[in-house]
*Asks:* 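Below you will find the structure I want to go over with you.
In each ligand, atom 1 is the first atom listed, and ligand 1 is the first ligand listed.
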Amino acid sequence: MKDNAEFEAILKTIDINGPATENEPWRQYYFIKKARQYVKAKSEELGRPLFACARTFGCQMNARDSEKLRGILEKIGYEEAPEDVADFVIYNTCTVRENANTRVYGRLGQLKPLKKKNPHMMIGLCGCMMQEPEVVEKLRKSYRFVDIIFGTHNIFKFAELIVQRLESQEMVIDIWKDTDKIVEDLPNERKYFFKSGVNIMFGCNNFCSYCIVPYVRGRERSRDPKAIIREIERLVADGVVEVMLLGQNVNSYGKNLEEPMSFARLLTEIEKIEGLERIRFMTSHPKDLSDELIEVMGNSKKICKHLHLPIQSGSSRILEKMNRRYTKEQYLTLVDKIRKAVPDISLTTDIIVGFPGETEEDFQETLDVVRKVRYDSAFTFIYSKRTGTPAAAMEDQIPEDVVKDRFDRLLREVQAIAAQVCSVHEGCVQTALVEAKSEHDDSMVTGRLSNNLLVHFKGSSELIGQLVDVRLSECKGFYYLGEQV
Ligand code: SAH
Ligand code: SF4
Ligand code: F3S
């Protein structure tokens, strides 16, 4: 995104008394300028600034989208505030598991009385859940107090939809089924000044049989490498030292570009950016992790020593039913190869328990992988039936009590191993990027190591955003206490 002065200079050239151009992103700049008038008038009427709150319910990609929402809200003239005092609340929703949906409805229920007290309040909903027609139908019928509903493909239209709502006095619903469009150069408001997520691709083509993401995020689209590099260069000029490259399956980056390019080559290009210190990425699908990528990781000075490599299940039989397209053995071979090339790498994973048809033997295979790989940490999930996915129609859905029992056993195993694996760095000196003041002790700060572990140590908030060397004095299970050296 352009800097503030540049952006304001562009807005000056836009005439909002005439019609809007069709060209993006200028069309949205037009609506930002238009919405600004409304916000300014309302704020003068109330004699105070207007406040907005954008809340994320989903993954890092959703979080990055929320930064774009915040960027647009800020440019329109809203100041950030908690949702109970906000004049504009937008929820960026997730639908990967049922409980993500439930949370949104719960929160909406709490907003209703707030809006009654404060009729000019605006409520927006966007993100993955809105791509499900049943959800939108339910909102249209039973949640009439919602003002704006849009999906994952047209988030760039946020300013335009706000103006549409302000000018129509009706619920605005705008959902696209899919898109091949990527709109660049929209405003965004970063959470941290020193690190940032960067989308490198959108959507997913994998259709794992349990997963709703391909249905709500559409087909895979890679961003132009030049646009990615340009964005990172701007971020670095703005103080960013660490980037997290984001995609549902970064390992298949670039396959659909006019000039195809591998993820490994993109990383090599990003590595050359001066001033950038650390590179992370998420998520890697095991089936697409290439030897080229392993080599690049082994030689890199900037790629962090951490790989998130979701296994989902340790049973080859279940993996096939999940449509993951690798076996337990292939996964374990891949892990060996990675560890050979990058010996001190930290490995994390995602595991689903209770997929339809999972037997105790299948579950034992999962435990076996956990014991063999010895993950630094693992996100464990109870299988959640998502309407419309192939797995939802499978016979043999597993009873709740059986799943719960397996889940508890898995969690115990994962945690015990993680505590052992985490402690091996005790006594070492490693570089940490200081992210925040410690939550528990005002005289301490919290830094993130290359391997993604956190370390707390004495220090003042001036250190935030800096890379400092820290001795990892004491392992506390999943984090360290340390001292700056
Ligand atoms: N694209 C990423 C994951 C995106 S969703 C990947 O392929 O690794 C994040 C995690 O949610 C998945 O890895 C999976 O473990 C979990 N998940 C997805 N669908 C689920 C479902 N229906 N029930 C339970 N967990 C699910
Ligand atoms: Fe879902 Fe599989 Fe795509 Fe990940 S790779 S988003 S789990 S379909
Ligand atoms: Fe959820 Fe959408 Fe991410 S469904 S996990 S927010 S891609």
*Asks:* Indicate the atoms forming the closest heavy-atom contact of N256 with E220, along with that distance.
*Replies:* ND2-O, 2.6 Å
*Asks:* What about H285: any of its N or O atoms under 3.5 Å from an N or O on ligand 1?
*Replies:* no
*Asks:* Does even one non-hydrogen atom of R217 get within less than 4.0 Å of ligand 3?
*Replies:* yes
*Asks:* Looking at atom 2 (Fe) of ligand 3, is one of the N, O or S atoms of C128 less than 2.8 Å from it?
*Replies:* yes
*Asks:* With heavy-atom distances below 4.0 Å as the criterion, list the atoms of ligand 1 near R386.
*Replies:* 22 (N)
*Asks:* What about D350: any of its N or O atoms under 3.5 Å from an N or O on ligand 1?
*Replies:* yes
*Asks:* Of the protein's non-hydrogen atoms, which lies at the shortest distance from atom 3 (Fe) of ligand 2, and what is that distance?
*Replies:* C204 SG, 2.3 Å
*Asks:* Taking only heavy atoms of C94, which atoms of ligand 3 are found under 4.0 Å from at least one of them?
*Replies:* 1 (Fe), 4 (S), 5 (S), 6 (S)
*Asks:* Do you know which two heavy atoms are closest between C475 and S423, and how far apart they sit?
*Replies:* SG-CA, 3.6 Å
*Asks:* Just need the protein heavy atom nearest to atom 7 (S) of ligand 2, so name the residue and atom and give the distance.
*Replies:* Y210 OH, 3.4 Å
*Asks:* Can you list the ligand 3 atoms lying under 4.0 Å from a non-hydrogen atom of G58?
*Replies:* 6 (S)
*Asks:* Check E67 against R64 and note the closest heavy-atom contact, atom names and distance.
*Replies:* OE1-NH1, 2.5 Å
*Asks:* Within the distance-only criterion (no hydrogens, no angle test), does the side chain of R280 pair as donor or acceptor with the backbone N or O of S450 below 3.5 angstrom?
*Replies:* yes
*Asks:* Are the side chain of K115 and the backbone N or O of F145 linked by a donor-acceptor pair below 3.5 Å?
*Replies:* yes
*Asks:* Name the option, out of C208, S284, C211, P214, that contains the heavy atom nearest to atom 2 (Fe) of ligand 2.
*Replies:* C208
*Asks:* Pick one: which of F202, Y29, F31, W176 meets ring-ring contact (aromatic ring centres under 6.0 Å, His included) with F156?
*Replies:* W176
*Asks:* Ring centroid separation for Y105 and Y143, is it under 6.0 angstrom?
*Replies:* yes
*Asks:* Looking only at distances, please establish whether an N/O atom of ligand 1 is found under 3.5 Å from an N/O atom of Y210.
*Replies:* yes
*Asks:* Is the closest heavy-atom distance from R324 to ligand 2 below 4.0 Å?
*Replies:* yes
*Asks:* Taking distance alone, with N or O pairs closer than 3.5 Å, would you say S384 contacts ligand 1?
*Replies:* yes
*Asks:* Please identify which atoms of ligand 3 are closer than 4.0 Å to at least one heavy atom of N62.
*Replies:* 6 (S)
*Asks:* Under 4.0 Å from a heavy atom of R97: give me the atoms of ligand 1 that qualify, with their elements.
*Replies:* 11 (O), 16 (C), 17 (N), 23 (N), 24 (C), 25 (N), 26 (C)
*Asks:* Heavy-atom pairs closer than 4.0 Å: do any link ligand 3 to the side chain of Q248, the backbone, both, or neither?
*Replies:* side chain
*Asks:* Tell me: protein heavy atom nearest atom 5 (S) of ligand 2, and distance?
*Replies:* N206 ND2, 3.4 Å
*Asks:* Could you tell me, atom by atom, which parts of ligand 3 come under 4.0 Å of a heavy atom of C59?
*Replies:* 3 (Fe), 5 (S), 6 (S), 7 (S)
*Asks:* Measuring from the heavy atoms of M61, does anything fall under 4.0 Å of ligand 1?
*Replies:* no
*Asks:* Would you call Q60 a ligand 3 contact, heavy-atom distance under 4.0 Å?
*Replies:* no
*Asks:* Given I212, T56, T95, T283, which one has a non-hydrogen atom that is nearest to atom 4 (S) of ligand 3?
*Replies:* T95
*Asks:* Does an N or O from Q248, backbone or side chain, lie closer than 3.5 Å to an N or O of ligand 1?
*Replies:* yes
